[in-house]
Amino acid sequence: MKEKLYAMAMALRCLRQLPPLLHNSSSGLVRPPLQVPLRHTGLMLNGCRQCVVHQTMLTRHLATKKAKAKGKGQPQARVNINAALVEDIISLGEVNGEMQAVVEALKEEFGKNLTIRTSPGALDHITVTTKDGKFPLNQLGQISLKSPQLIIVNMASFPENTAAAIKAIRESGMNLNPEVDGIIIRVPVPKVTREHRESLAKLARQLTNKAKDSLRKVRSNAMNQVKKAKSTVSEDTIKLVEKQIQQMADDTAAEMDKLLAGKTKELLG
C-alpha cells in the first residue's frame with residue numbers, strides 16, 4: 001500500500017512539472033540543465049527521473065509538430081529527371097506522348113460532340129460507312145450553310161453514297177433529322193435550348209472522365225514497367241522515376257480539367 005501511495009505521489013510530482021515545461025517549449029525558451037547534487041542522485045533516479053523523460057519526449061513531439069506545421073500548405077518540390085539518364089528503365093518521352101495523345105483525343109471528342117454553333121464544319125467529323133470504306137462526310141459531299149437553321153449537303157460527287165450519308169447524320173448523336181431531295185441533303189438545325197446546353201455540359205464531364213480512365217491506364221502501364229527494373233537499379237531511383245510519372249499524370253489531368261472548365265463555360269454561357 002505504501003508503495004502505491006509513493007508511486008502516486010511521484011506521478012503527481014511529474015504532473016506538476018509539466019505546465020512550466022509546456023510554457024517554456026511553446027515560447028521557445030530553453031531551461032538551463034538541471035543540476036542535481038550528488039547527494040540527491042538517488043532521489044533523481046527514483047523520483048523526478050520521469051520528469052526528464054517527459055521533457056525529452058515533449059520536446060521531440062513539439063519539434064516534430066512544428067516542422068510539420070511549417071511544411072503544411074507548402075507546394076511539394078517538383079521532379080525534373082533527365083530522361084536520357086533513365087532510358088534503360090523507361091522512356092519518359094514515350095509516356096508523355098501517350099498522355100498527350102489522350103488529351104488530343106479529348107479535344108477531338110469535344111469538337112465532334114459538343115458544338116452549339118451552327119456552321120458547315122459542325123458536320124465535318126461525321127464518318128460515313130460506304131462499300132468502299134469509311135470516309136468523313138466532307139470528303140463525300142459539299143457542305144454549306146444556307147441559314148443559321150439549315151445546313152445543306154450536296155452529294156453530286158458521290159450520289160451513290162447519299163443514303164449512307166443520311167444514315168450517318170441521323171446516328172451522329174447530334175439530334176439531327178436530315179431530309180433528302182435527290183442528291184441534296186437538308187439538315188435542319190434545332191434551336192439550342194437551356195436543357196440541350198446542360199445536356200452537352202453533362203456529356204463533356206462524361207467524356208473527360210473517360211479520358212481520365214485512359215490516362216490512368218497509361219500511368220499504370222508506366223508504373224508497372226518501372227517496377228520491373230527493381231532488380232537492376234536502386235530503390236531510390238525507382239521511387240524518383242515513379243514520382244516523375246505521377247507528376248506527369250497529375251499535370252495531364254489538370255490540363256483536362258482546364259479544358260472541361262473552358263468547354264462548360266462555353267456551353268452554359
Side-chain angles (χ1 to χ4, degrees), residues 97-218 252-269:
E98 292 178 12
M99 291 183 177
Q100 287 305 308
V102 175
V103 176
E104 293 303 317
L106 178 61
K107 290 180 180 178
E108 185 177 349
E109 288 292 333
F110 278 4
K112 288 180 180 179
N113 303 301
L114 301 177
T115 180
I116 58 175
R117 297 172 181 170
T118 304
S119 67
L123 305 184
D124 286 352
H125 72 279
I126 295 178
T127 301
V128 181
T129 302
T130 71
K131 62 180 181 180
D132 297 320
K134 295 182 178 182
F135 302 91
L137 180 60
N138 61 354
Q139 290 186 11
L140 300 177
Q142 182 180 359
I143 305 174
S144 60
L145 183 65
K146 186 172 183 179
S147 72
Q149 284 75 41
L150 182 63
I151 297 177
I152 299 295
V153 182
N154 189 333
M155 298 294 296
S157 299
F158 298 92
E160 68 277 11
N161 293 322
T162 301
I166 293 174
K167 182 175 184 294
I169 294 171
R170 284 200 179 112
E171 297 176 355
S172 65
M174 297 177 66
N175 193 30
L176 299 175
N177 187 24
E179 303 168 355
V180 63
D181 182 10
I183 58 173
I184 301 298
I185 301 175
R186 302 178 187 275
V187 186
V189 179
K191 184 178 180 180
V192 180
T193 63
R194 182 67 183 181
E195 181 180 358
H196 181 57
R197 289 175 179 269
E198 291 176 351
S199 177
L200 291 177
K202 182 179 179 181
L203 178 58
R205 290 192 296 271
Q206 293 174 349
L207 292 173
T208 302
N209 290 334
K210 184 178 179 180
K212 286 185 176 181
D213 287 340
S214 299
L215 175 64
R216 280 189 283 270
K217 289 180 181 179
V218 174
T252 306
E255 186 177 355
M256 291 180 180
D257 289 336
K258 187 175 180 180
L259 288 173
L260 174 61
K263 178 56 70 173
T264 301
K265 183 178 179 180
E266 174 189 329
L267 293 172
L268 298 180

Within this structure, what is the [atom1]-[atom2] distance for the pair [X] and [Y], rounded to the nearest 0.5 Å?
X	Y	atom1	atom2	answer
Ile143	Ile126	CD1	CD1	7.5 Å
Ile185	Asn154	CD1	CG	9.0 Å
Ile184	Glu179	CD1	CD	13.0 Å
Thr252	Lys212	OG1	NZ	11.0 Å
Lys107	Glu104	NZ	CD	4.5 Å
Ile166	Leu176	CD1	CG	12.5 Å

**OP:** Would you check if the side chain of Thr208 reaches a backbone N or O of Ala204 as a donor-acceptor pair within less than 3.5 Å?
**Re:** yes
Original post:
Under 3.5 Å, is there a donor-acceptor pair between the side chain of Arg197 and the main chain of Leu267?
Top reply: yes
Please find the pair of heavy atoms, one from [X] and one from [Y], that lie closest to each other, and give the distance.
X	Y	value
Phe135	Thr130	CE1-OG1, 3.4 Å
Pro188	Pro178	CD-CA, 4.5 Å
Pro159	Ser157	CD-C, 3.5 Å
Leu145	Ser147	CD1-O, 2.9 Å
Val103	Met256	CG2-CE, 4.2 Å
Gly141	Met155	CA-SD, 3.9 Å

**OP:** Mind running side-chain contact (heavy atoms from CB on, under 4.5 Å) on Val189 and Ile151 for me, showing each step along the way?
**Re:** CA-CA 7 Å; Val189 179; Ile151 297 177; 3.9 Å; yes
Original post:
Do other residues, nucleotides or ligands put more than 12 heavy atoms under 6.0 Å from the CD atom of Gln139?
Top reply: yes
**OP:** Look at atom CD of Gln100 and say whether more than 12 heavy atoms of other residues, nucleotides or ligands are closer to it than 6.0 Å.
**Re:** yes
Subject >> Partner of Ser144 under side-chain contact (heavy atoms from CB on, under 4.5 Å), chosen from Val153, Leu150, Ile152 >> reply: Ile152
Subject >> From CA spacing to verdict: side-chain contact (heavy atoms from CB on, under 4.5 Å), Arg170, Asn177 >> reply: CA-CA 6 Å; Arg170 284 200 179 112; Asn177 187 24; 3.6 Å; yes
Original post:
Between Glu266 and Lys263, is there a salt bridge with N-O shorter than 4.0 Å?
Top reply: yes
Subject >> Short N-O contact, Arg194 and Glu198, less than 4.0 angstrom >> reply: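 Counted as a salt bridge, because a side-chain N and a carboxylate O are separated by less than 4.0 Å.
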Subject >> Full working for salt bridge (Lys or Arg N to Asp or Glu O under 4.0 Å) between Asp213 and Lys210 >> reply: CA-CA 5 Å; Asp213 287 340; Lys210 184 178 179 180; over 6 Å; no
